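Working notes for the structure below.
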Amino acid sequence: MKDIYEDFDRAVCLRGEGRAKKETQWLKVVYGFNEPQLPNNVSSPNFSRIFATNTTAFELLVLKRKIMGPCWLQIKNPQVDNKGVSCTRTIVNHRENIREIVCATARIWSNIDIDDPTPPEALPCTVRTFVRPLDRFPPNFEVRASGNGKGLISPMKNERMLLNSLLVTIHRADPDVIVGHEFLGVSLDVLLHRMRELKADHWSRIGRFRRSRWPPIGRQGTNLRFLSGRLLGDLASDGAKDMITSTTWSLTEMCKTHLKSDRQDIDPDDTASYFDGGVSSPERLLTFVRHCELDAHYQMALAAKVQILPLTRQLTNLAGNSWNKTLNGGRAERNEYILLHEFHRLKYVCPDKLWGKKSAVAAKAENEDGDAEGGKTTKGKRDKYKGGLVFEPKRGLWDKYILVMDFNSLYPSIIQEYNIDFTTVESVEVDADGEEKIPEPPSSEVPQGVLPRLIATLVNRRRQVKSLMKDKKATPAQLLQWDIKQMALKLTANSMYGCLGFEYSRFYARPLAALTTFKGREILTHTRELAESMQLDVVYGDTDSVFVNSNVTELAEALKISAEFKKAVNDRYKLLEIDLDGIFQRLLLLQKKKYAAVKVEDGSRTSTEVKGLDMKRREYCVLSKTVSQYVLEQILSGEATEAVVERIHEYLTTIGEDVRGGKIKLDEFIIFKRLGKNPEDYPDAKSQPHVQVALRMKARGLTARAGDVIPYVFCIGEGGETAKTAQADRAKHPDEVRRSSDELKIDYEHYLAHQILPPIERLCEPIEGTDRARLAECLGLDPNRYRSAAESEERYFGTLDSLMSDAERFKDAEPFLVRCRSCRGQVAFAPISDRESSLLLPSGPACPACQSALGTASLQVQLETQIRGHIAKYYESWTVCDDPTCGNRTRMMGVYGRRCLRQGCRGTVAFEYSDATLYNQLRFYLSLFDAEKAVKTSTGSKADEVKALVDLQGDFLRTMAATAEKYLNQSGRRWVQLSTLFSFMKM
DNA sequence: CCCGGGAGCGC
DNA sequence: AGGCGCTCCCGGG
């Protein structure tokens, strides 16, 4: 009954009690779970505090017995043999939007060893599919079903019988593990509701805990307890998502990337058609059944491929928590349990578990913040503490060897190096000015803390495992097992820091987290300074890495520099270690966290590494990624810039044509976006494409919940008017597009302008010889709409006037049209230096058609009329939207600058007839009568001819020039906003 | 035109 | 129910 504990001072502080008792005497009281729980906030004259009143039986058992993950417990004689089962049910919803079960496959593997690397397809298994008709089975279905190959097909009369038979199968197999995809969130939910609704027999056999009465079915995705006694490996669970690299975690995508298998997708809306009993052949339904059989296989194959069971078991062994939580939950709980075990072993009192609440320290700090800042409204989260340091990248394309040096496991190493722990770091006062102070690390005499020692143990064990792996005699199975073990050790060590800064963590210790990152920033800064002191150029760095420009073209030299630098850095620390992580042959550095490189692999091989670019994001379609890939390959090819630019331009031209020509498949246009909330919870649902699609999916009885990744394609609005329908309404699910046959058309212009151009533009930004207007032009988009203000002005006036020919400068100017009063013909007034076309003869202006002389006064009036026409046009102030899919033309002006006023459009409006256009037009008119220029631009024998002409017709030219100049000079400022015209010069 | 808040990445 | 740092893009005033 009585036991003396040492106090754990942080435990006290974590409770928000301000007192820092080191060791005190505690009275330990133990009583059964059949008695009521004490409140945790009681006190009396005899005691000030009670701890651990709400500890669960599981925690107690696991801690007291030091149970570290799955192991044999001598409670009774457990009858366990390993059986895995993979289940698929395909569900269709009909009438009243209720999801029913039409088909279920159980693929059962018996006596599997989860450490055996043999893939599931090479191991014996039984397959059984239960299927029931919607109305009636197609003729001959039962006969054909009985002759099915390996898989047993059991036609069932109705849904209830299907469920009953499935439950019998599960009961007989009694699986330890159930593997599925979206099982917890979807399948189990439907199963439970249908079993209850249809009063299925022995429904609790889905798990191992026998029940006769139904407990309440919880929210979707929260009913793991119905499976108690079995492990659930759900490939779409958060736990699994951490282990599988994928953008959508759809079964089809994972099969493709991890199994190299081409899984056929079935449109859920087509399910009913597979069950059509009115057709003459059973083939279609058999196809459906085989699809289910195959899916069940895929799920197990994926689970085996990513080693989900061995890895989660190792993680669970390290943390001492529950395996099912490792499989289906996040990592906070693992971290909690490893610390609980450690502190319990050392006889500390740990902070109490606060269910669904912020840790006591977090809550306390928030209150203090509120007091200090005079009752500032509870703005949700507290200010973040500072994290890793990111250097400003030196942007551009680097073509000397770049050394990527990074610290191995920086944060775990810092925690060890500086002995950062709950028991070693003194708490800090909260600063008066609200600024949070970083605590000091303990002095070197302070003994090693709990956390540093724990991490050291993990790191040492990992080192041992890795040395085992070097043994040449090791079998592949052993190697695989060790590899999983070392991975689990690394993951565990690395996750300790994250949980220190997690407000809801039982061991929340913000000052420790802040100290860790502070040291990280300090170390990275010093590392860069060291490099610079060695005359090495650091072009970039992020948190724990520096990219050093070796500035050499010989690999051996680069390696030598790397070794010298490594030694210089590592000499400064006891434990902390920097190492060469890779060598880049070429590096395209675009932004912080955004770059691509050609990495040197062993020998002469190379590979491309891409970080953070648009092409790595799920909201860009495959087409966009393919185009980016090509452009990137060209840029990194190392060939001459002109050749690269030319190839890019050519390629984009082809792409533009192919897209518009309908040569690209629908799949390549699919965009993905994750739902942050449930679709109906969006306040601005109407403007979000994926939310609109999700809502329509739900209306059809499909699932679309928070966290789901929604696929969609932008189509042309109904009725063909691209501008009329709001953007979000035009987003359609790929299945909708496929079903519509030709009704829905992909909005190619939108894809070119919004999915292809922007990523390419960003990639080409540092590349000479092209710009966004040119890239847009290649794609068949109007280049003028993509010219920046600066570029447009530069185009008109040119920073280097002499470099631009008049032909180029006045390309878009309207000609001066001269009408002849005699023959009523009309002709453009060509430049006077153009002796073949000019109507100005040495004798004066004359009509080229009827040779009649044209009066100066008449021409002057005509010129003035045309100039005034342009001015009037300018004052009409028509604006157009720069989004080619919108094309909105209006005379309305927005209140907020240049945003397009059409609902749902993201474009920018500009004057159709801008001040710059007008100014340029006037300059063009002036140029027509510029005698000096005419002489200058003429060469050879022409020069003399022109010179004679301007001498003879000087009066005429001066009169006309003066007319143009009048408008240009006197009123120029009224039209031309000099500030915008010359904005490109402000750099 | 500026400012903020999500997404989604990187580490 | 792990952290923070950084583009981007989109709404809103």
Side-chain angles (χ1 to χ4, degrees), chain A residues 238-239 242 245 247 325 328-336 353-359 362 379-393 404 406-411 491-492 494-510 512-514 516-518 520-521 524 540-546 581 590-595 609-620 671-677 682-684 686-691 706-707 709-710 727-728 754-755 758-759 761-762 894-900 903-908:
Chain A
D238 290 336
D242 283 348
T245 32
T247 54
K325 291 286 177 75
N328 295 292
R331 65 200 99 170
E333 209 209 38
R334 290 209 307 275
N335 194 72
E336 179 181 329
K353 179 86 183 165
L354 297 169
W355 301 99
K357 279 195 265 179
K358 287 184 187 175
S359 80
K379 263 178 69 183
K381 275 179 76 177
R382 219 178 140 201
D383 278 0
K384 289 173 172 176
Y385 61 90
K386 287 224 180 314
L389 180 63
V390 186
F391 294 142
E392 196 59 47
V404 180
D406 79 341
F407 287 96
N408 307 319
S409 307
L410 182 70
Y411 290 166
L491 282 172
T492 305
N494 283 340
S495 69
M496 312 271 7
Y497 153 74
C499 292
L500 290 179
F502 177 41
E503 286 180 313
Y504 294 86
S505 165
R506 203 158 157 186
F507 292 93
Y508 178 51
R510 191 183 153 99
L512 301 188
T516 307
T517 59
F518 173 79
R521 292 190 296 279
L524 195 66
Y540 180 60
D542 183 347
T543 309
D544 62 354
S545 66
V546 283
D581 185 57
L590 294 176
Q591 294 279 16
K592 285 180 173 179
K593 304 193 188 270
K594 287 171 194 265
Y595 60 85
E609 195 165 292
V610 177
K611 290 289 159 76
L613 303 189
D614 299 321
M615 56 192 283
K616 295 213 77 173
R617 306 186 130 240
R618 66 161 74 102
E619 69 261 34
Y620 288 92
I671 297 167
F672 296 94
K673 206 158 243 179
R674 216 181 109 253
L675 286 171
K677 326 185 225 290
Y682 279 84
D684 54 344
K686 60 178 184 335
S687 64
Q688 308 249 23
H690 65 305
V691 178
V709 178
I710 307 294
Q727 182 103 308
H754 294 97
Q755 281 268 316
E761 188 190 324
R762 289 188 271 268
V895 184
Y896 297 110
R898 298 163 61 198
R899 172 89 42 97
C900 178
Q903 201 204 348
C905 179
R906 297 295 312 160
T908 303

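Computed from a predicted structure; not experimentally measured. Just so it is clear: chains get the letters A, B, ... in the order the sequence lines come, proteins before strands, and each one is counted from 1.
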*Calculate the interatomic distance between A:Tyr508 atom OH and C:dA1 atom P; express it in whole Å.*
19 Å
*Of all the nucleotides listed (C:dC6, C:dG2, B:dG8), which has the minimum atom distance to the side chain of A:Cys499?*
C:dG2
*Apply ring-ring contact (aromatic ring centres under 6.0 Å, His included) to A:Phe502 and list each qualifying residue two or more places apart in sequence or on a separate chain.*
A:Tyr504
*To the nearest Å, give me how far apart NZ (A:Lys594) and P (B:dC9) are.*
10 Å
_Let's see if you can work this out: which of B:dC11, B:dG8, C:dT7 has an atom nearest to the side-chain heavy atoms of A:Arg674?_
B:dG8
_Out of B:dG8, C:dC9, B:dC11, whichever nucleotide has its closest atom nearest the side chain of A:Tyr620_ = C:dC9
*Of all the heavy-atom pairs spanning A:Pro759 and A:Tyr620, show the shortest one and how long it is.*
CG-CE2, 3.6 Å
*Name the closest nucleotide to the A:Lys616 side chain, picking from C:dT7, C:dC4, B:dG10.*
B:dG10
_Rounded distance in Å - CD (A:Gln688) to C1' (B:dG5)_ = 11 Å
*Is A:Phe502 stacked on the base of C:dG2, with ring centres under 5.5 Å apart and planes under 30° apart?*
no
*Quick one: which of C:dG2, B:dA7, C:dC9 gets closest to the side chain of A:Tyr682?*
B:dA7
*Please give, in whole Å, the distance from B:dC11 C1' to A:Leu491 CG?*
15 Å
*Of all residues at least two apart in sequence or in a different chain, which pass the side chain to side chain contact (heavy atoms under 4.5 Å, CB included) check with A:Arg521?*
A:Lys386, A:Leu389, A:Thr517, A:Phe518
*Mind calculating the distance between NZ (A:Lys673) and C1' (C:dC8) to the nearest angstrom?*
10 Å
*Which nucleotide sits closest to the side chain of A:Lys611: B:dG10, B:dC9, C:dG5?*
B:dG10
*Answer with base, sugar-phosphate or nothing: what part of the nucleic acid does A:Tyr411 contact at a heavy-atom distance below 4.0 Å?*
nothing
_Options C:dA1, B:dA7, C:dG5, nucleotide nearest the side-chain atoms of A:Arg617_ = B:dA7
*asked:* How close do A:Cys499 and A:Asn335 get, counting heavy atoms only, and between which atoms?
replied: CB-ND2, 3.1 Å
